[in-house]
Asker: 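To start, I am sharing the structure in question, which I have written as structure tokens.
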Amino acid sequence: MSTPRCRFAPSPTGYLHVGSAQSALFNWLFARGSGGEFVLRIEDTDAERNRPELTDNILDMLRWLGIDWDGEIVHQSDRLDRHLAAVEKLEAAGAVYWCDCTRDEIDARNKARKDGRTGYDRHCRDRGLEKAPGSALRFRVPDGKTSWPDKVRGEVTFENINVDDFVVSRSTGAPLFVLANTVDDAETGINHVIRGEDHVNNTAKYLLLWQALGFGEVPTFAHLPLLVNEQRKKLSKRRDPVSVADFKAEGYLPEAMRNYLALLGWGPKDDIEIRPIEEIVAMFRIEDVSSSPAFFDVKKLLHINGEYIRALTREDFIARASEFVPDTPEAKALLEDLAPLVQERIKRLDEVDSYLSFLWVDVPELDEAAWTKAIKDERAHKVLDHVQTLLADADWTPEGVEAAVRGAGEAAGFINPEGQVQLSKAQAPVRIAVTGQRIGLPLWEGITALGRERTLARLAAARERASA
RNA sequence: GCCCCCAUGGUGUAGCGGUUAGCACGCGAGCCUUUCACGCUUGUAGCACGGGUUCGAUUCCCGUUGGGGGUACCA
């Protein structure tokens with residue numbers, strides 16, 4: 001058999017979303033794992049809906065995910081002459097006929113028949129119409145049935161009587177999706193069509209067209225399961241947060257996203273889910289892909305992302321995280337200084353800011369509820385008093401800060417029955433006073449990084465607020 | 001309505017006639033601990049239902065139910 005050759009054929013009518021990304025990924029995995037080729041074709045024949053900048057987005061996101069393609073990108077609009085030639089060929093062969101029915105007329109006839117059928121009723125099939133303004137060209141679906149051995153769904157069969165005489169070319173002369181899609185695949189040597197389940201119906205038409213155009217050996221098909229939302233509906237750009245660019249902006253790592261996407265509808269036999277893409281390429285088999293829809297679970301994506309973040313080298317983490325902190329020397333320096341402490345805590349790069357921002361803003365955002373709760377205890381006031389004194393001339397190191405907080409806690413009476421300082425309780429008011437938050441980085445390191453002057457100022461301000 | 005497809009815990013999957021039905025996320029408990037997170041231990045929960053086939057069905061077949069996709073002179 002010839003070299004496997006598959007393609008990802010997005011239409012630039014929206015930003016790349018995770019469903020398309022998965023489709024691209026599975027094509028890519030298949031190609032890379034089989035020594036085949038993976039090509040890109042931009043299906044931009046719908047001039048009214050296409051926006052060039054969306055093509056850029058699609059390409060950018062594929063690159064971001066590490067999905068590379070072979071050869072030149074095909075723009076479907078450049079191939080109009082080929083599509084037109086195919087249409088002529090169909091006409092010459094008598095495989096198509098002119099139809100001047102309007103949608104309203106078709107609907108009216110269907111409704112009048114009362115048999116529940118809604119497709120095209122073949123009204124013009126034998127009228128022998130000539131080309132005329134307003135007429136479209138329909139494919140004359142032959143008798144019989146059309147079937148193919150789908151790599152993921154097994155044998156799929158359509159009785160041709162259930163396949164509408166679909167429009168091949170609009171009244172404007174512009175060819176339609178199935179025609180362009182089929183012709184392009186045939187003429188660019190695509191022999192593996194791996195696409196979403198939403199295309200199974202098109203495949204019957206594709207095959208009929210392929211045959212009518214005499215393209216020879218048909219491609220192998222694999223229809224991937226759709227990605228669905230919690231309502232079990234196909235992911236929609238309109239109602240679901242699915243833009244790959246958005247995930248990137250939220251600080252998801254491309255490796256994590258791509259690993260997670262590979263796990264939807266497919267799973268490694270050895271139960272090891274998080275692994276290098278090279279291993280996934282080696283293990284992936286298109287026939288192992290599940291045929292039932294998969295829920296896109298952000299919670300699991302988040303977990304995987306956290307794993308990938310923690311696995312980053314310190315340098316790599318700093319490099320990636322720096323895009324999520326203010327572009328100032330101070331912020332960059334602080335990130336570099338505290339990177340390991342942040343890295344083990346976050347699951348998305350954009351969380352970096354919430355851990356470090358108290359270090360570079362003048363007044364950190366205050367968690368009112370946590371504050372109120374913390375200062376309910378009289379001893380908290382004392383801690384704030386003592387810690388200021390102790391911190392004033394403490395060693396400005398994490399150890400020195402810890403000693404100060406410990407001492408303040410002891411002096412304030414945060415002592416357990418065994419006589420031990422209750423550090424957990426003693427640090428709470430200090431943490432909120434300094435960072436504004438109940439949770440965050442290890443305090444000693446955080447305070448050390450903040451500096452003595454600012455720490456004392458915040459402590460004093462908090463003490464004042466506590467008495468007010 | 002019609003056509004096509006799907007069905008293992010809440011979620012994603014492993015299983016491909018005989019298993020204590022595995023793993024992961026989530027959720028619960030505990031440990032660790034200066035908060036949080038990580039990590040570790042542990043608990044929770046599943047083969048949709050009904051018929052067959054078979055010595056034996058989660059696994060094969062049929063039906064039911066449930067779910068999804070398609071049904072454009074969009075792609």
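Just so it is clear, the values below take in all heavy atoms, side chains as well, and ignore hydrogens, waters and symmetry mates. Below, chain A is the first sequence line, B the second, and so on; all start at residue 1.
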Asker: Between Arg195(A) and Asn181(A), is there a side-chain donor-acceptor contact under 3.5 Å, judged purely by atom types and distance?
Answerer: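 Arg195(A) and Asn181(A) do have a side-chain donor-acceptor pair below 3.5 Å.
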
Asker: Take atom CZ of Phe295(A) and atom C1' of A7(B), then tell me their distance rounded to the nearest Å.
Answerer: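 Atom CZ in Phe295(A) sits about 18 Å away from atom C1' in A7(B).
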
Asker: Could you tell me the Watson-Crick or G-U partner of G39(B), where both distances fall under 3.5 Å? Say none if there is no partner.
Answerer: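 C31(B) - that is the nucleotide pairing with G39(B), both distances being under 3.5 Å.
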
Asker: Could you check, using the six-membered ring where one of them is a Trp, whether Trp266(A) and Phe284(A) have ring centers closer than 6.0 angstrom?
Answerer: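 Yes, they do, as the ring centres are separated by less than 6.0 Å.
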
Asker: Just by distance, no angles: are the side chains of Asp44(A) and Ser77(A) close enough, under 3.5 Å, to form a donor-acceptor pair?
Answerer: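 Yes, Ser77(A) and Asp44(A) have a side-chain donor paired with an acceptor closer than 3.5 Å.
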
Asker: Students often get this wrong, so: under 4.0 angstrom with heavy atoms, is Leu443(A) touching a base, only sugar-phosphate, or nothing?
Answerer: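 Leu443(A): base contact, heavy atoms under 4.0 Å.
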
Asker: Answer yes if the ring centres of Tyr260(A) and Phe296(A) are under 6.0 angstrom apart, and no otherwise.
Answerer: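 Between Tyr260(A) and Phe296(A), the centre distance is under 6.0 Å.
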
Asker: Taking only the C1' atom of each, what is the distance from G26(B) to G46(B) in whole angstrom?
Answerer: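 Those two atoms are separated by 15 Å.
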
Asker: Would you mind classifying the nucleic acid contact of Leu441(A) as base, sugar-phosphate or nothing, using non-hydrogen atoms under 4.0 angstrom?
Answerer: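 Base contact.
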
Asker: In whole angstrom, give me the gap between the P atoms of C61(B) and G66(B).
Answerer: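 It comes out at 22 Å once rounded to the nearest Å.
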
Asker: So, does Lys234(A) get its side chain near the phosphate of G70(B), meaning an N or O under 4.0 Å from OP1 or OP2?
Answerer: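 Yes, because at least one side-chain N or O of Lys234(A) sits under 4.0 Å from OP1 or OP2 of G70(B).
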
Asker: Just name whichever nucleotide pairs with G10(B), Watson-Crick or G-U, keeping both distances under 3.5 Å, else none.
Answerer: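 C25(B) is the nucleotide pairing with G10(B).
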
Asker: Return the value, rounded to whole Å, for the distance between atom CZ of Arg431(A) and atom C1' of U33(B).
Answerer: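 Going from CZ in Arg431(A) over to C1' in U33(B) covers 12 Å.
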
Asker: With both distances kept under 3.5 Å, what pairs with U53(B), Watson-Crick or G-U wobble?
Answerer: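 Base-paired to nothing in any strand shown.
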
Asker: Any N or O donor-acceptor pair linking the side chain of Asp297(A) to the base of G12(B) at under 3.5 Å?
Answerer: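 Side chain to base: no pair present.
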
Asker: Looking at the base of C5(B), is there any donor atom on it, or on the side chain of Ser291(A), that sits under 3.5 Å from an acceptor on the other one?
Answerer: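 No, the side chain and the base share no sub-3.5 Å donor-acceptor pair.
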
Asker: Please state the C1' separation for the pair A48(B) and C36(B) - nearest whole angstrom.
Answerer: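 One C1' to the other, the span is 42 Å.
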
Asker: Tell me whether Gln211(A) at atom CD has more than 12 heavy atoms from other residues, nucleotides or ligands lying less than 6.0 Å away.
Answerer: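 No, CD of Gln211(A) has 12 or fewer neighbouring heavy atoms, counting only those of other groups under 6.0 Å.
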
Asker: Touch check for Glu307(A), heavy atoms < 4.0 angstrom, all strands: base, sugar-phosphate only, or nothing?
Answerer: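 Touches sugar-phosphate only.
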
Asker: Does C38(B) have OP1 or OP2 under 4.0 Å away from a side-chain N or O of Lys347(A)?
Answerer: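 Looking at the OP1 and OP2 atoms of C38(B), one of them is under 4.0 Å from a side-chain N or O of Lys347(A).
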
Asker: Between the side chains of His17(A) and Ser20(A), does any donor sit under 3.5 Å from an acceptor?
Answerer: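 Side chains of His17(A) and Ser20(A): pair found under 3.5 Å.
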
Asker: For Ile439(A), which contact category applies under a 4.0 Å heavy-atom criterion: base, sugar-phosphate, or nothing?
Answerer: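 Base contact.
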
Asker: By the 4.0 Å heavy-atom rule, please label His199(A) as base, sugar-phosphate, or nothing.
Answerer: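 Base contact - His199(A) has a heavy atom under 4.0 Å of at least one base atom.
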
Asker: Does the C36(B) base have a donor-acceptor partner in the side chain of Arg345(A) within less than 3.5 Å?
Answerer: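 It does, because a donor-acceptor pair links the side chain of Arg345(A) to the base of C36(B) below 3.5 Å.
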
Asker: Using atom C1' of each nucleotide, how far apart are U54(B) and C2(B) to the nearest Å?
Answerer: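 After rounding to an integer number of Å, I get 38 Å for this pair.
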
Asker: Do the ring centers of Tyr252(A) and Tyr308(A) come within less than 6.0 Å of each other?
Answerer: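 Tyr252(A) vs Tyr308(A): aromatic centres not under 6.0 Å.
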
Asker: Please tell me if Arg310(A) has a side-chain N or O lying less than 4.0 Å from either OP1 or OP2 of A37(B).
Answerer: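 For Arg310(A), the contact criterion (side-chain N or O under 4.0 Å from OP1 or OP2 of A37(B)) is not met.
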
Asker: Between Asp164(A) and Gln76(A), which is nearer to the 5' end of RNA chain B once each is assigned its nearest nucleotide?
Answerer: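 On the 5' side of the pair lies Asp164(A).
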
Asker: Judged by each residue's nearest nucleotide on RNA chain B, which is more toward the 5′ side, Gly119(A) or Ser292(A)?
Answerer: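 Whichever sits nearer the 5' end wins; that is Ser292(A).
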
Asker: Can you tell me if Arg103(A) touches the phosphate of C73(B), counting only side-chain N or O atoms and a distance under 4.0 Å to OP1 or OP2?
Answerer: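 Result: yes.
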
Asker: If you count the non-hydrogen atoms of other residues, nucleotides and ligands that lie under 6.0 Å from CD in Glu279(A), is the total more than 12?
Answerer: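 Buried by this count: over 12 neighbours within 6.0 Å.
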
Asker: For the base of G70(B), is there a side-chain donor-acceptor partner from Glu197(A) under 3.5 Å away?
Answerer: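 Between G70(B) and Glu197(A), which were checked side chain against base, a qualifying N/O pair under 3.5 Å is absent.
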
Asker: Calculate the interatomic distance between Ile432(A) atom CD1 and U34(B) atom P; express it in whole Å.
Answerer: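 In whole Å, U34(B) P lies 18 Å from Ile432(A) CD1.
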
Asker: Between the base of A14(B) and the side chain of Lys269(A), is there any donor-acceptor pair under 3.5 Å?
Answerer: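 No pair found.
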
Asker: So, does Arg195(A) get its side chain near the phosphate of G70(B), meaning an N or O under 4.0 Å from OP1 or OP2?
Answerer: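 Arg195(A) to G70(B) OP1/OP2: no side-chain N or O under 4.0 Å.
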
Asker: Assign Gly134(A) to base, sugar-phosphate, or nothing according to its heavy-atom contacts below 4.0 angstrom with the strands shown.
Answerer: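 Base contact.
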
Asker: Is Phe158(A) stacked against the base of C4(B), taking the criterion as centroid distance under 5.5 angstrom and interplanar angle under 30°?
Answerer: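 No, the aromatic ring of Phe158(A) does not stack with the base.
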
Asker: Considering only the C1' atoms, how many Å lie between G10(B) and U44(B), rounded to the nearest integer?
Answerer: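 After rounding to an integer number of Å, I get 11 Å for this pair.
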
Asker: Rounded to whole Å, please give me the gap between CZ in Arg138(A) and P in U71(B).
Answerer: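 To the nearest whole Å, that distance equals 14 Å.
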
Asker: Is there a side-chain contact between Lys233(A) and the phosphate of G68(B), meaning an N or O under 4.0 Å from OP1 or OP2?
Answerer: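 For Lys233(A), the contact criterion (side-chain N or O under 4.0 Å from OP1 or OP2 of G68(B)) is met.
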
Asker: Looking for any heavy atom pair under 4.0 Å, which part of the strands does Ser171(A) touch: base, sugar-phosphate only, or nothing?
Answerer: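 Result for Ser171(A) = base.
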
Asker: For C36(B), take OP1 and OP2 only and decide whether either is under 4.0 Å from a side-chain N or O of Arg438(A).
Answerer: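 For C36(B), neither OP1 nor OP2 has a side-chain N or O of Arg438(A) closer than 4.0 Å.
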
Asker: Have a look at Ala294(A) and say if it touches a base, only the backbone sugar-phosphate, or nothing, with a 4.0 Å heavy-atom cut-off.
Answerer: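 Sugar-phosphate contact only.
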
Asker: Taking G68(B) as the reference, what is the distance to U8(B) when you measure between their P atoms (whole Å, please)?
Answerer: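 Straight-line distance between the two P atoms is 15 Å.
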
Asker: Give one of base, sugar-phosphate or nothing for Thr157(A), where a contact means two heavy atoms less than 4.0 Å apart.
Answerer: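 Sugar-phosphate only.
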
Asker: Using the C1' atoms only, state how far A37(B) lies from A21(B), rounded to an integer number of Å.
Answerer: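 Taking atom C1' in both A21(B) and A37(B), they lie 33 Å apart.
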
Asker: Figure out the CZ/C1' separation between Arg348(A) and A37(B), and round it to whole Å.
Answerer: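 For the pair Arg348(A) CZ and A37(B) C1', the rounded distance is 16 Å.
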
Asker: Establish, with yes or no, whether the OP1 or OP2 oxygen of A75(B) is under 4.0 angstrom from a side-chain nitrogen or oxygen of Thr45(A).
Answerer: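 For Thr45(A), the contact criterion (side-chain N or O under 4.0 Å from OP1 or OP2 of A75(B)) is met.
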
Asker: Pick base, sugar-phosphate or nothing for Asn181(A), based on heavy-atom distances below 4.0 Å to the nucleic acid.
Answerer: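 Result for Asn181(A) = nothing.
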
